[in-house]
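As structure tokens, the structure follows; a few thoughts come after it.
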Amino acid sequence: MIADPLSVSIFEMRLEEIHRRNPTLRYEISIRDFIALFPLKIKNGKPVKPEQPSSFALDRDVFLQVLVAFNQSFN
């Protein structure tokens with residue numbers, strides 16, 4: 001089973017909003033690259049919470065915003 005396409009779109013829109021609200025992020029990484037830091041993984045038919053990316057030093061508060069966006073999109 002794959003994730004609901006609407007939920008995936010909502011999650012990506014929320015990631016875009018996080019990116020737009022953060023001036024440091026906007027300077028350091030493109031919106032597409034930021035979204036790509038959080039690929040959607042499915043386990044037992046359900047989306048798995050994203051992990052802190054190892055390839056990019058992400059502020060703790062920003063990562064918490066990403067987790068909240070994930071929970072709002074898929075729960």
Side-chain angles (χ1 to χ4, degrees):
M1 180 180 165
I2 60 169
D4 170 33
L6 181 60
S7 296
V8 173
S9 294
I10 290 171
F11 180 53
E12 288 183 357
M13 286 180 0
R14 287 182 167 133
L15 290 176
E16 287 178 12
E17 188 60 33
I18 291 167
H19 185 273
R20 283 192 189 99
R21 283 190 316 230
N22 188 308
T24 307
L25 271 181
R26 291 193 339 239
Y27 175 75
E28 293 179 348
I29 189 169
S30 75
I31 221 166
R32 288 287 134 217
D33 288 343
F34 179 69
I35 291 171
L37 290 175
F38 308 103
L40 194 59
K41 296 175 186 157
I42 305 293
K43 184 175 183 178
N44 298 328
K46 294 189 175 189
V48 178
K49 275 188 183 180
E51 296 177 2
Q52 181 77 276
S54 58
S55 60
F56 185 80
L58 195 60
D59 181 78
R60 182 178 175 272
D61 289 337
V62 172
F63 184 63
L64 289 176
Q65 291 173 36
V66 169
L67 292 178
V68 168
F70 176 85
N71 286 337
Q72 289 174 338
S73 301
F74 295 107
N75 289 339

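Classification of the F11-F70 ring pair by plane angle, with boundaries at 30° and 60°, yields perpendicular.
Note that CD of E12 is 8.5 Å distant from CG of L40, once rounded to the nearest 0.5 Å. Distance check, rounded to the nearest 0.5 Å: CD1 of I18 to CG of L64 gives 10.0 Å. A distance of 13.0 Å separates CD in Q65 from CZ in R14, rounded to the nearest 0.5 Å. The OG atom of S55 lies 9.5 Å from the CG atom of D33; values are rounded to the nearest 0.5 Å. We find the CZ-CG distance between F38 and L67 to be 8.0 Å, quoted to the nearest 0.5 Å. In this structure, the separation between CD on E51 and CZ on F63 is 7.5 Å, given to the nearest 0.5 Å.
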Would you sort out whether F34 and V62 count as a side-chain contact (heavy atoms from CB on, under 4.5 Å), showing the intermediate values?
CA-CA 11 Å; F34 179 69; V62 172; 4.2 Å; yes

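The residues E16 and R32 are annotated as salt-bridged, a charged nitrogen and a carboxylate oxygen being separated by less than 4.0 angstrom.
Here the side chains of L37 and I29 are in contact, with some heavy-atom distance below 4.5 Å. Two residues are said to be in side-chain contact when any heavy atoms from C-beta on lie closer than 4.5 Å; E28 and F56 meet this criterion.
By the criterion of side-chain heavy atoms lying less than 4.5 angstrom apart, applied directly or through intervening Ile, Leu, Val, Met, Phe, Trp or Tyr residues, V66 is grouped together with I42 in one hydrophobic cluster.
Taking E17 as the reference, nothing meets the salt bridge (Lys or Arg N to Asp or Glu O under 4.0 Å) condition, with sequence neighbours excluded.
Applying the 6.0 Å contact sphere to CD of Q72 captures more than 12 heavy atoms from other residues, nucleotides or ligands.
Taking Ile, Leu, Val, Met, Phe, Trp and Tyr as members and joining any whose side-chain heavy atoms lie under 4.5 Å apart, directly or through other members, the hydrophobic cluster of L6 also contains I10.
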